[in-house]
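In what follows, chains carry the letters A, B, and so on, assigned in the order in which the sequence lines appear, proteins first and then strands, with residues in each chain numbered from 1.
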Amino acid sequence: MKLKAINLEKAYNPKDFEDRIYGQWKESGSFRPSGDKGAAKYSVVMPPPNVTGILHMGHALNNSLPDVLIRYHRMLGHDTLWVPGTDHAGIATQNVVERFLLKEGLTRQQIGREAFLKRTWEVKERHHDIIASQLEKIGSSCDWDHERFTMDEGLSRAVREAFVTLYERGLIYKGNYLVNYCPKCGTALADDEVEYQEIPGKLYEVRYPYSDGSGFITVATTRPETMFGDVAVAVNPEDERYKSVVGKTLDLPLTDRKIPIIADGFVDIAFGTGMVKITPAHDPNDWQCGKRHNLPQINILNPDGTLNDNCPEKYRNLPALVAREAVVADLLAQGYLIGEKEHNHEVGHCYRCHTVIEPYLSEQWFVKMDGMARKALDAWKNKEVNFYPKKWENTYVHWLENIKDWCISRQLWWGHRIPVWYCDKCGKMMVKREDPTVCDCCGSDRIHQETDVLDTWFSSWLWPFSTLGWPDKTPDFDRYFPTDCLITGYDILFFWVSRMIMASEEFLGKSPFKDVFLTGLVRDKLGRKMSKSLGNGIDPLEVVDRYGADAMKFTLAHGCTQGQDMKIDMDSFKMGSKFCNKIWNAARYLLMNLEDVTLGDPDSLELGVLDKWIYNRLNQAAAKVAEGLDSYKFNEAAQAVYEFFWNDFCDWYVESSKKDLYSTDQAVKDRAMTILLDVLKKSLSLMHPFVPLVTEEIYSKLPNTDTSCINSRFPSFNPKIDYSDEEKTVGMMQEAVRLVRNVRSDLQIPLERKIHVVVRPDEDNAASAFMAANKDLLSSFMTAGELVIDTAKKADISEALPAAGLGISVYVFVREAVDIEAEIAKLRDEIEKNRKSLAQTMQKLSNENFINHAKPEAVEKEQQKRAEFEEKIAKAEHHLNLLQSF
RNA sequence: GGCGACGUAGCUCAGUGGGAGAGCGGUAGUCUUACACACUACUGGUCAAUGGUUCAAAUCCGUUCGUCGUCACCA
């Protein structure tokens with residue numbers, strides 16, 4: 001059947017088709033798992049973005065990479081599932097909604113818990129739709145039918161199941177402990193939710209007098225206002241200076257309290273005065289020390305960070321920093337403050353709102369971690385879970401070995417409310433999977449639920465199995481759990497990855513994924529983290545708008561090396577865009593030449609040397625892609641498809657085929673096109689995981705396809721294809737062409753001057769025979785007028801310029817192409833002129849006055865000129881020598 | 001302070017025992033039957049410094065300098 005030419009738009013314009021193609025895929029259910037039980041399964045869960053966030057480059061990266069993998073496995077025929085979803089992000093979301101309220105002059109307390117949650121759900125719905133459409137826009141082939149939210153019904157059930165189970169196993173407890181508390185967010189935080197930043201502060205030296213009037217001691221502190229919580233002063237028991245004073249009593253300045261001097265090994269003899277005031281309720285070390293010595297804990301703060309009633313009246317209700325100034329002033333006035341020096345120290349800040357964290361004594365819920373940590377360590381030791389790159393294993397192990405109990409209660413409203421009820425009558429506590437209506441113990445219906453909610457990560461850590469139906473034994477769970485790999489940034493290794501492994505081991509006895517690939521972080525060109533406050537972020541949607549989703553995906557994959565952060569700016573994406581354009585134009589070229597062509601069966605054709613060569617290159621590229629993707633070396637896989645398509649297919653194969661494609665013999669043309677389209681079709685499949693949209697759009701136009709690209713078979717490496725002889729032959733031809741092109745370029749012989757060339761292979765072999773048989777092709781690559789393949793080594797080459805390569809030499813009859821005498825004269829002129837200029841420059845540069853007194857820019861400019869002249873002279877002399885040599 | 005990473009072409013980075021590479025940039029030329037988002041060629045680097053192991057080191061080891069990350073911290 002004779003085909004008609006197909007005309008594609010002149011340039012690659014992703015906007016013309018990206019949304020349409022994505023819609024078609026989604027519509028046709030292409031993202032759904034095949035459910036084919038006969039095939040291997042491949043499953044991945046998406047790291048759920050915060051529902052109130054906006055997609056940033058980090059999301060783009062850790063959704064692009066799984067997309068590549070998922071598409072690759074789908075094309076291998078695997079039963080693939082990629083589960084998308086969003087996270088309720090307790091603190092972050094609550095903050096967002098509170099900001100909205102503030103604009104209306106309201107606080108959450110004013111509108112109450114129920115109304116606040118209603119508002120929050122509304123905000124969640126709106127933002128969810130934005131996030132989901134952004135994920136679609138960047139081309140993620142996740143299965144939307146499996147989408148989950150950490151607070152949807154199923155996942156909430158999973159959270160309860162997890163909490164109650166852990167409680168039943170004795171792994172959850174409640175108690176009064178010193179926790180990290182953010183006064184602004186009004187909630188406790190886990191240890192790893194605190195970020196430490198060095199800030200300048202002061203170290204105050206304060207005198208505490210002995211109660212017996214025998215003098216005073218001096219302590220050093222950065223936080224003088226906490227002195228109201230002091231319950232002792234500690235010295236090191238080994239400290240000779242203070243051995244005699246241990247046990248004495250001190251008067252605490254500004255108060256009427258008396259505190260003892262105690263001995264404790266944690267005190268550093270060398271630091272400060274060697275005396276430390278002990279404030280158990282406001283410092284983790286002091287808290288430990290207080291426990292050891294059975295000291296009371298005096299909490300001096302209100303939840304909002306102001307001083308409370310345990311402090312002298314004067315300071316009550318002042319914010320800590322204000323109180324500090326007042327205390328310092330009073331200490332100074334009363335002669336207690338004797339020193340004050342600059343002191344930089346690390347201070348904890350809230351990872352959500354960057355407020356200074358207070359160690360705060362309060363009643364909180366905790367998870368015991370040591371046992372789970374051991375299981376998670378074993379999972380790694382047994383190779384149940386593997387880290388890429390390997391270096392993260394150390395970090396993982398170190399964290400697990402030093403783990404502390406996890407504070408999971410948050411004094412927020414947005415989140416999973418802790419499933420604990422208290423009886424108002426008998427005071428008993430109940431921990432329940434289902435909401436109770438009456439007290440188990442006394443039967444009273446006057447019960448109330450715990451008001452705290454759970455840490456967001458308490459739901460995220462169940463994600464790989466809660467999204468598949470756990471705690472129920474669903475078909476999805478049976479089929480797709482454990483998942484195959486997890487891709488996310490290393491910044492949430494502890495928050496999320498480690499905890500998922502712990503939860504999964506605890507509840508299911510296996511690792512939730514086989515592999516963890518931890519990506520680097522996306523940074524700007526200056527190496528700074530992209531952030532809203534710096535305004536240096538790149539919006540993935542803007543990238544899509546300017547260059548297309550494929551360009552973004554390809555660039556990210558191509559730039560993704562193991563363990564390195566990725567520095568990018570908007571221009572970085574030109575690379576992917578150019579590649580897509582190249583693909584587009586190659587396809588356009590072939591399709592526009594389809595007129596009157598009848599395609600044959602590529603499998604039954606007798607292949608020529610070049611045909612075998614290109615199939616061999618394709619086969620090898622496929623091997624590299626498989627190798628790269630199997631080991632999470634996305635850059636190597638992307639590079640392989642790039643080089644194959646551009647350098648092998650476009651630059652050599654398509655160019656080589658032009659003669660046949662324009663042959664007057666229709667049979668020759670049909671044959672050429674049959675193979676060209678077959679290679680194109682397979683190339684599109686090869687490239688599809690990296691540039692899905694453009695390959696699908698082109699694929700849909702091909703006359704030799706009947707499926708969609710997304711559902712086509714990946715052209716996997718076929719060990720039976722071995723055309724290494726053809727590989728050598730074509731390599732030799734390419735070498736000959738390069739040699740001639742070098743000569744032409746060196747002597748600046750314009751293309752329209754057809755040159756006379758003798759090619760002399762070292763040996764008479766398949767390559768020389770091929771070149772002899774394809775002289776026309778070779779001539780066109782060399783733009784040669786006359787070409788002799790001189791296997792017999794008989795041609796007269798005395799007049800030609802030789803150039804030698806590996807296994808081959810070429811001789812170019814330059815004389816015919818260039819007017820030697822004129823060229824020599826021209827070069828001599830040029831050398832002369834440049835030497836004069838150089839002499840002038842040198843004169844300036846050798847003048848000390850010039851060097852010492854002229855502006856540095858001027859000197860530098862002269863030096864640049866010198867280098868330029870010298871280079872020009874050297875080049876001209878090189879040419880001159882060449883021309884004079886024959 | 002512990003642990004770790006990095007330092008390769010003007011820029012961004014690959015490369016892990018035997019050839020120093022890519023993309024972008026620069027230079028020169030080319031509208032050579034799709035692609036100027038192209039083609040061709042060229043340019044450019046004591047692979048941070050130093051010592052060692054080796055027949056052979058950008059690659060392995062030691063030390064130094066510089067940059068960064070991370071964990072833990074002294075009040």
**Request:** For B/U27 versus B/U64, give the span between their C1' atoms, rounded off to a whole number of Å.
**Result:** 39 Å
**Prompt:** How far, in whole Å, is B/U8 from B/C13 if one measures between their C1' atoms?
**Reply:** 9 Å
**Request:** Decide whether A/Asp230 and A/Thr279 meet the rule of one side-chain donor and one side-chain acceptor closer than 3.5 Å.
**Result:** yes
**Message:** Under 4.0 Å, counting only non-hydrogen atoms across every strand here, what does A/Val219 touch: a base, just sugar-phosphate, or nothing?
**Reply:** nothing
**Message:** Please report the distance separating the P of B/G1 from the corresponding atom of B/G10, rounded so that it comes out in whole Å.
**Reply:** 34 Å
**Asked** Would you call A/Asp264 and A/Arg292 a salt bridge, taking side-chain N to carboxylate O under 4.0 Å as the test?
**Response** yes
**Message:** Applying side chain to side chain donor-acceptor pair (under 3.5 Å), can you list everything that pairs with A/Lys15, at least two apart in sequence or on another chain?
**Reply:** A/Asp545
**Prompt:** Heavy-atom contacts under 4.0 Å between residues 6-15 of chain A and RNA chain B, which residues?
**Reply:** A/Lys10
**Asked** Between A/Lys390 and A/Glu393, is there a salt bridge with N-O shorter than 4.0 Å?
**Response** yes
**Request:** Tell me what A/Thr783 touches on the nucleic acid: a base, only sugar-phosphate, or nothing, going by heavy atoms under 4.0 Å.
**Result:** nothing
**Request:** May I ask you to say what A/Asp651 touches in the nucleic acid, namely base, sugar-phosphate or nothing, with a heavy-atom cut-off under 4.0 Å?
**Result:** sugar-phosphate
**Message:** Taking donor-acceptor contacts at under 3.5 Å, does the side chain of A/Lys582 reach the base of B/C35?
**Reply:** yes
**Asked** So does A/Asn742 get a side-chain nitrogen or oxygen closer than 4.0 Å to the phosphate oxygens (OP1/OP2) of B/C42?
**Response** yes
**Request:** Write out the stems for RNA chain B, ordered by first number and formatted as range with range, counting runs of at least 3 consecutive Watson-Crick or G-U wobble pairs under 3.5 Å.
**Result:** B:1-7 with B:65-71, B:10-13 with B:21-24, B:26-30 with B:38-42, B:48-52 with B:60-64
**Message:** Can you check the distance between B/C60 and B/G2, where both ends of the measurement are the P atom (answer in whole Å)?
**Reply:** 23 Å
**Request:** Determine whether the side chains of A/Lys277 and A/Thr226 contain a donor N or O and an acceptor N or O closer than 3.5 Å.
**Result:** yes
**Request:** Quick one: list whatever passes side chain to side chain donor-acceptor pair (under 3.5 Å) with A/Tyr196, sequence neighbours left out.
**Result:** none
**Message:** I need the residues from residues 652-660 of chain A with at least one non-hydrogen atom less than 4.0 Å from RNA chain B; give them sorted by number, or say none.
**Reply:** A/Glu655, A/Lys658
**A/Tyr351 and A/Glu193: CA distance, side-chain angles, deciding distance, side-chain hydrogen bond (donor to acceptor under 3.5 Å, both in side chains) verdict** = CA-CA 6 Å; A/Tyr351 83 134; A/Glu193 287 173 314; 3.0 Å; yes
**Prompt:** Using the C1' atom in both, what is the distance from B/G17 to B/U54, to the nearest Å?
**Reply:** 9 Å
**Message:** I'd like to know if A/Glu636 pairs up with A/Lys624 as an ion pair, taking the criterion as any Lys NZ or Arg NE/NH1/NH2 lying under 4.0 Å from an Asp or Glu carboxylate oxygen.
**Reply:** no
**Electrostatic pair A/Lys553-A/Asp550, nearest N-O below 4.0 angstrom** = no
**Request:** Identify which one of A/Asn647, A/Ile614, A/Val737 satisfies the side chain to side chain contact (heavy atoms under 4.5 Å, CB included) criterion when paired with A/Trp652.
**Result:** A/Val737
**Request:** Give the B/S/- string for nucleotides 10-26 of chain B, one per nucleotide from 5' to 3', where a protein heavy atom under 4.0 Å of the base yields B, of only the sugar-phosphate yields S, and otherwise -.
**Result:** --SSS-------SSS--
**Message:** I'd like the P distance from B/G52 over to B/C11, given in whole Å.
**Reply:** 31 Å
**Atom pair CD1/CZ of A/Ile583 and A/Arg588 - distance to nearest 0.5 Å** = 15.5 Å
**Asked** Given the P atoms of B/C65 and B/A22, what is the spacing between them in whole Å?
**Response** 35 Å
**Prompt:** Looking only at atom C1', what distance separates B/C47 and B/G21, rounded to whole Å?
**Reply:** 11 Å
**Prompt:** Do other residues, nucleotides or ligands put more than 12 heavy atoms under 6.0 Å from the NZ atom of A/Lys754?
**Reply:** yes
**Asked** Thinking salt bridges, do A/Arg223 and A/Glu358 make one under a 4.0 Å N-O criterion?
**Response** yes
